[in-house]
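Given the structure is predicted, the values throughout are model-derived calculations rather than measurements. FYI, side chains are in, hydrogens and waters are out, and symmetry mates aren't considered; it's all heavy atoms of this structure.
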Amino acid sequence: MTLASMAELVIPAARDRRAVGAFNVIQLEHAEGIVAGAERAVRPVVLQLSENTARYHGSLAPLALACLRIAAEASVPVCVHLDHATRRELVEQAVELGVPSVMVDASGYSYEKNVALTAELAAWCHSRGVWVEAELGEIGGKDGAHKPGVRTDPDDAAAFVAATGVDALAVAVGSSHAMLIRDAVLDDELIAAIAAKVPVPLVLHGSSGVSEAGLRSAVAQGMSKINIATHLNATLTGAVRRALAADEDLVDPRKYFGPGRDAVARQVAHLVTLLAP
């Protein structure tokens, strides 16, 4: 397999009312576990790197290059994606590194400024063959802000896509980032209404807080890319805690991060099968 484009993964999924799982990578074990799980399930997958993760590591390049290599050697299609980039220079750096898909996140600005900034960067990325996702209707949970009442208007979404030329759109339909309990209630009627008016694939952010039944319903109504981060972090952390609790003398990171990686693989295999039966 070679590194896949986002179009190769998401467009067929959108056509068939399936979804592609997109999982955030914070450390190498995340990437290895995510791809191992996708290979086990024989499903495509997306490795996502956020602006916060690039900041944590001090640079985007080391982890991005590792993900690109892991993707290139995978037995299933794997796309690498820059998630929630609010800075133009980070988008440019990702493209220069060979990352084939980016999310331009100007959702914190006014609608007019979001359109202008997104359209400018989308044109720049498209001239280099890079897929662009954007967000309309700020999704809660970032920086601890839980905003379950925010919703994306279908007519605004259609106008936004027409004005910016983006390839995919993340919309606010009831989910929220960084949720540890899976009790978010999605507005399925709104998802269907947006999908009917927007000609590009829809993306669900904050999916860790959505039940499995809720995810299945969201996909049936038109969500084509499902972003999951916190749920996998909890999965990995739980496995690490159990390994450390079982042996107080354990100091070799491979012996506790290994079980964490394996737990991530099992969970990803389950989730990607759920999203694309």
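At a threshold of 4.5 Å between non-hydrogen side-chain atoms, the residues Asn24 and Leu49 do not count as touching. Put simply, the side chain of Leu60 reaches to within 4.5 Å of the side chain of Leu90, judged on heavy atoms. No side-chain heavy atom of Leu121 sits less than 4.5 Å from a side-chain heavy atom of Leu117. Contact check for Ser211 versus Arg216: no side-chain heavy atoms found under the 4.5 Å cut-off. At a threshold of 4.5 Å between non-hydrogen side-chain atoms, the residues Leu136 and Leu169 count as touching.
Ile226 and Val78 fall within the same hydrophobic cluster, defined by Ile, Leu, Val, Met, Phe, Trp and Tyr side-chain heavy atoms under 4.5 Å apart, directly or through other members. The cluster map of Ile, Leu, Val, Met, Phe, Trp and Tyr, joined by side-chain heavy atoms under 4.5 Å apart, puts Val20 and Ile11 in the same cluster. No continuous path of ILVMFWY side-chain contacts below 4.5 Å connects Val25 to Val46, so the two sit in separate hydrophobic clusters. Grouping the Ile, Leu, Val, Met, Phe, Trp and Tyr side chains by contacts below 4.5 angstrom, directly or via other members, places Val10 apart from Leu215.
A pairwise comparison of heavy atoms in Lys197 and Pro154 identifies CD-CB, 4.1 Å as the closest pair.
No donor-acceptor pair under 3.5 Å is formed between the side chain of Arg40 and the backbone N or O of Ala269. At distances below 3.5 Å, not a single donor-acceptor pair connects side-chain atoms of Arg241 with backbone N or O atoms of Ala239. With hydrogens and angles disregarded, no donor-acceptor distance shorter than 3.5 Å links the side chain of Gln221 to the backbone of Ala218. With hydrogens and angles disregarded, a donor-acceptor distance shorter than 3.5 Å links the side chain of Arg128 to the backbone of Trp124.
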